[in-house]
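Below: one structure, written as structure tokens.
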There are 2 protein chains.
Amino acid sequence: MQGASSSREDYLKALYVLSTGAEGPVTTTALAEHLSMRPASASGMMKQLAEAGWVEHEAYRGASLTPSGERIALDVIRRHRLWEFFLVERLGFAWDQVHELAERLEHIEDAELINRLDDYLGCPDFDPHGDPIPRADGTVVDARPLQVASELRPGARAVIKGVVDSSDVFLRHLDALGIRLGIEFKVVERHEFDGSARVEGHGIWTLGVLENLLVVIQP
Amino acid sequence: MQGASSSREDYLKALYVLSTGAEGPVTTTALAEHLSMRPASASGMMKQLAEAGWVEHEAYRGASLTPSGERIALDVIRRHRLWEFFLVERLGFAWDQVHELAERLEHIEDAELINRLDDYLGCPDFDPHGDPIPRADGTVVDARPLQVASELRPGARAVIKGVVDSSDVFLRHLDALGIRLGIEFKVVERHEFDGSARVEGHGIWTLGVLENLLVVIQP
DNA sequence: TATTTAATTTAGCTTTGCCTAAAAATAGTT
DNA sequence: AACTATTTTTAGGCAAAGCTAAATTAAATA
């Protein structure tokens, strides 16, 4: 239930990430690729983790997490996402800069630290990428929250899921700009002076437009 | 000037700490003791660090930092103290709880992270123990600041260096309580409801007294 | 079904950083 | 100065985690 080395934690996390979505056990190769390592290394680590009781591993067939392994993975992910939240919301980092850093910070295992950090950040439910932050007890909410597009930072990609102002006039305006429900877009730049955004392939969207778009952030 | 492993950083930091105060090179045994390791290990590491150009090491004579080694040590110490400040001032940890944690955090080497953290904390000059925080350029202020005793947290030890109210009445009051310039004391407990403190061997000191004592925090 | 191809595991090597035990050098004592 | 005691270094091992290359197993094709 605890005491995994930094490296073991990485594998458990990768196993968790790769097994959500795909059905069945995770292949050695997929795991190795995900972690930028060689299959032989992943294979060796699976043996270790199986011995520790954190994964179920049938030779040549792939691996999957046991309940205790999943618990560790969720803990690591919780730490990762809380630190990402901190880095973006408090230190003002951009989205795409925080992953590597969080990858280092996540391996500091100290319940008190993480609980205090959680508190300090206001117990957020989602990280800046829109991914849910597992709770201390290991439960996870699996829904990405809607956000107002005006909150997007440069580099963010998002899918349009709804509008705040659904008046005809506004919807016609959106239509004229080529903005439709379901499209995905990427914010290239935000302009301090008027809040507008430069959107890849769409030119400039004004703050008025952004404030009325409900979006789901993409990973 | 950079790229030392976590372990090497520990040795460089220890070397820095042990060489300030004591004159001449640091002995292998002192180093090992400081890091809870065996002399043989310290000896081997000195060889490595000397090869890297971070320490000057004459066999059987002890080691001392080169300028580039000192630069790294100062960087590690800067990171350590900034994180300690964060843990105490923002997350509300008590003094004595933060050392080990900072010891882990200090090894995350990322200039942008540390500069942003520094900014976020208001570029503090001293950590919660009263030790100076080296600047990004490697300069260090070597004076402990005076603090008002009412700011002391439980567990803090401090030496009385002055008073705010130097009226006769007040000084006689202090005298009656056994409080004199230069004495060292330790705060055992603070009382929320009236701000008073229980002081080891001195009973209770009221907020009115504490607010008028200028102290230097002890390590 | 036999054979080829691809994936997985095993075997054996490397590095880092620690350890213990033995050897070497310094320091202290008579 | 010689001997002893202490400190420091060297030598040789061990564990973790990665790697390459070879062997094995499973999957795909003829």
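Proteins come first, then strands; the chains are lettered A, B, ... in the order of their sequence lines, and each starts at number 1.
Checking the phosphate oxygens (OP1, OP2) of C:dT9, a side-chain nitrogen or oxygen of A:T28 falls inside 4.0 Å. The side chain of B:Q48 places an N or O atom within less than 4.0 Å of a non-bridging phosphate oxygen (OP1 or OP2) of C:dG17. The shortest distance between the side-chain N/O atoms of A:S5 and the OP1/OP2 oxygens of D:dA16 is not below 4.0 Å. Taking 4.0 angstrom as the limit, B:S7 places a side-chain polar atom (N or O) nearer than this to OP1 or OP2 of C:dC18.
Rounded to whole Å, the distance from CD on B:E58 to C1' on D:dT9 is 14 Å. Whole-Å rounding puts the B:K47 NZ to C:dG17 P distance at 15 Å. As a whole-Å value, the separation of A:E51 CD from D:dA16 P is 11 Å. Between the CG atom of A:L49 and the C1' atom of C:dT9 there is a distance of 16 Å, rounded to whole Å. Summarising the geometry, the separation between CE on B:M46 and C1' on C:dG17 is reported as 13 Å, rounded to the nearest angstrom. Put simply, CE on B:M45 is 14 Å from C1' on C:dC19, counting in whole angstrom units. In this structure, the CG atom of A:L31 is 14 Å from the C1' atom of C:dT9, given to the nearest Å.
Under 4.0 Å is where a charged nitrogen must lie from a carboxylate oxygen, and between A:K13 and A:E103 at least one such pair does. One finds a salt bridge joining A:R78 and A:D118 here, because a Lys/Arg side-chain nitrogen approaches an Asp/Glu carboxylate oxygen to under 4.0 Å. Look at B:R116 and B:E112 and you find a salt bridge, because one of the NZ, NE, NH1 or NH2 atoms lies within 4.0 Å of a carboxylate O, short of that distance. Using a 4.0 Å cut-off between a side-chain N of Lys or Arg and a carboxylate O of Asp or Glu, B:R104 and B:E100 do not qualify as a salt bridge.
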Are there any protein N/O atoms within less than 3.5 Å of an N/O atom in nucleotides 20-29 of chain C, and if so, which ones and at what distance?
| from | atom 1 | to | atom 2 | distance (Å) |
| --- | --- | --- | --- | --- |
| C:dT20 | OP2 | B:R38 | NH1 | 3.2 |

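Residues meeting the side-chain contact (heavy atoms from CB on, under 4.5 Å) test with A:S196, sequence neighbours left out: A:H191, A:D194, A:I204.
Here the rule is salt bridge (charged side-chain N to carboxylate O under 4.0 Å, His left out) with B:R79, and of B:E106, B:E84, B:E9 only B:E9 fits it.
Each of A:Y11 and B:G44 was assigned the nucleotide of DNA chain D with the nearest heavy atom; the assignment lying further toward the 5' end belongs to B:G44.
Ring geometry for A:Y120 against B:Y120 counts as perpendicular: the plane angle is over 60°, on a 0 to 90° scale with 30° as the lower cut.
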